[in-house]
There are 2 protein chains.
Amino acid sequence: MASNEAPDIVVGRLPIYLRALTFMAEEGREITSSQELSEKLGISSAQIRKDLSHFGEFGKQGTGYEIAYLRDQLKRILHVEHTWPVALAGYGDLGHALANYGGFAAKGFEIVALFDTAPHKIGQELAGKQVRDLAELPTVVREKNIKVAIVAVPSAEAQGVANMLVESGIKAILNYAPINISVPADVQVQYIDPAAHLQHMTYYLE
Amino acid sequence: MASNEAPDIVVGRLPIYLRALTFMAEEGREITSSQELSEKLGISSAQIRKDLSHFGEFGKQGTGYEIAYLRDQLKRILHVEHTWPVALAGYGDLGHALANYGGFAAKGFEIVALFDTAPHKIGQELAGKQVRDLAELPTVVREKNIKVAIVAVPSAEAQGVANMLVESGIKAILNYAPINISVPADVQVQYIDPAAHLQHMTYYLE
DNA sequence: TAGATTGTTAATCGATTAACAATC
DNA sequence: TAGATTGTTAATCGATTAACAATC
């Protein structure tokens, strides 16, 4: 089929498939099937085949999927064949952990600029990157043509920082502040809220 | 209606409602409506009313919802009227950031025990909590009757740690390792994978 | 060939929305 | 009362699943 109108919920599962395929490739595996992926991920094999069918025909009847090939196709579809430079706003404990996190590189992202407002943080260096004054963010984002940002500032400042990011040309924001932020329709936002996940689970406890 | 069989997708939105209500209460607000919540959260007012109706009747026709009352009801429904003690496995940068994070307390969670395997980390102290050897986890979890855990260890160790947690009586796991873990059906698992969120967004970029 | 697994169709299932009577 | 907003019903919309012809 290979439509270019895949549902967002399907797009959201592609990174999960990509993660599993990357892992299998690292194990030296060459072929997998929707059945095997189903067992590994807890997603039905029919759904996996249907999801992939939105983007093309990647498998062979009777055989399954070539792992490296499907992995590369998913990378292409998700636009992570190349590495996206990422701006990180907020250099507290969380910002520090994110800047130090080694897992982004293999997934297509590299944090290339750190920002904070606290005078004692500005100028600090981490892995060759200096923490800059948040006021310099627009200049740096434009200079480096950064389109992706992570917000790790306190809730009270998140909307203001988001506004700044949007004005500077950022098109995708991963927001760790536990607050909903408003952005124009052409800017993507995703949220990370561990407390919300914990509450979701405690509903089922006791 | 107040059924006791609410869809999981509805349960997952309750923490979002609770977050907004808590924020409004802190602002000194007393009354809100499904319409106002809709605008703040980007969820339709009909859906908000429908979601809440699974659990009871919390509003007044013509008026709306009393913020503090609805907040307290959601806390009760999500079982976060009291604070859950939480075990944290993995004391790297991320573990450190989580242990230091001040946001959990108001949401119903308190990290009460830290675990790692690295000898130079064991014995370190943070906010009155000592980092313990992972081998002590079963004893501590049982002693303190901990039911909720956060996994912040490398992917390669995540399944092993999850097994240990399950055997020790943990019933809810928030997993930061970018890997799917297998647990018995009566154990809840939620995942946090920032790279997956970033890839979800870059699909729409360029 | 015989066996296996895809890609796709049609059926089912579930979630969201629109609309409105009830009522504060 | 008049205006506003809930809770709920029925309709719509969309996602998932089951099944199987195609075919490697």
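Owing to the predicted nature of the structure, the values given are computational and were not obtained by experimental measurement.
Note: CG (Leu52(B)) to P (dG7(D)) measures 7 Å, nearest angstrom. To the nearest angstrom, C1' of dT8(D) lies 16 Å from CZ of Phe55(B). In this structure, Ile48(A) places its CD1 atom 13 Å from C1' of dT16(D), rounding to the nearest Å. For the pair Leu41(A) CG and dT16(D) P, the computed distance is 14 Å after rounding to whole Å. Here the C1' atom of nucleotide dA15(C) and the CD1 atom of Ile43(B) are 13 Å apart, to the nearest Å. The NE2 atom of His54(A) sits 11 Å away from the C1' atom of dG14(D) (whole-angstrom rounding). Note: CD (Gln35(A)) to P (dG7(C)) measures 15 Å, nearest angstrom. What separates CG of Asp8(B) from C1' of dA15(C) is a distance of 13 Å, to the nearest Å.
The partner of dA15(C) is dT12(D), by the rule that a Watson-Crick or G-U pair needs both atom distances under 3.5 Å. The partner of dA21(C), taking Watson-Crick or G-U wobble pairs whose two distances both stay under 3.5 Å, is dT6(D).
Nearest nucleotide to the Gln61(B) side chain, out of dT16(C), dT17(D), dC24(C): dC24(C). Comparing dT8(C), dT17(D), dT6(D) by their closest approach to the side chain of Ser53(A) singles out dT8(C). In this structure, the nucleotide among dC24(C), dT16(C), dT5(D) sitting nearest to the side chain of Lys60(B) is dC24(C). When distances are taken from the side chain of Glu57(B) to each of dT16(C), dT23(D), dT8(D), the shortest belongs to dT8(D).
Side-chain contact between Tyr204(A) and Asp8(B) is present, with at least one heavy-atom pair separated by less than 4.5 Å.
Of the residues near DNA chain D, Lys50(B) and Arg49(A), the one whose nearest nucleotide (by heavy atom distance) lies more toward the 5' end is Lys50(B).
For dT16(C), the OP1/OP2 oxygens have no side-chain nitrogen or oxygen of Ser44(B) closer than 4.0 Å. Put simply, Tyr65(B) has a side-chain N or O that comes within less than 4.0 Å of OP1 or OP2 on dG7(D).
By the neighbour-count criterion of 12 heavy atoms within 6.0 Å, atom CD of Glu39(B) is densely surrounded, having more than that number from other residues, nucleotides or ligands.
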List the atom pairs, donor and acceptor, that lie under 3.5 Å between side-chain atoms in residues 70-97 of chain A and the rest of the protein, sequence neighbours left out.
unit_1: Gln73(A); atom_1: OE1; unit_2: Arg76(A); atom_2: NE; d: 3.2
unit_1: Gln73(A); atom_1: OE1; unit_2: Arg76(A); atom_2: NH2; d: 2.5
unit_1: His79(A); atom_1: ND1; unit_2: Thr202(B); atom_2: O; d: 2.8
unit_1: His79(A); atom_1: ND1; unit_2: Tyr203(B); atom_2: O; d: 3.2
unit_1: His79(A); atom_1: ND1; unit_2: Leu205(B); atom_2: O; d: 3.1
unit_1: Trp84(A); atom_1: NE1; unit_2: His79(A); atom_2: O; d: 2.6
unit_1: Asp93(A); atom_1: OD2; unit_2: Asn100(B); atom_2: ND2; d: 3.0

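When atom types are taken as modelled, the side chain of His197(B) and the backbone of Pro194(B) share no donor-acceptor pair closer than 3.5 angstrom.
Within 4.0 Å (heavy atoms only), Ser34(B) reaches sugar-phosphate atoms of the nucleic acid but no base atom.
At a cut-off of 3.5 Å, with distance as the only test, no side-chain donor of Asn163(B) or Glu167(B) sits close to an acceptor on the other residue.
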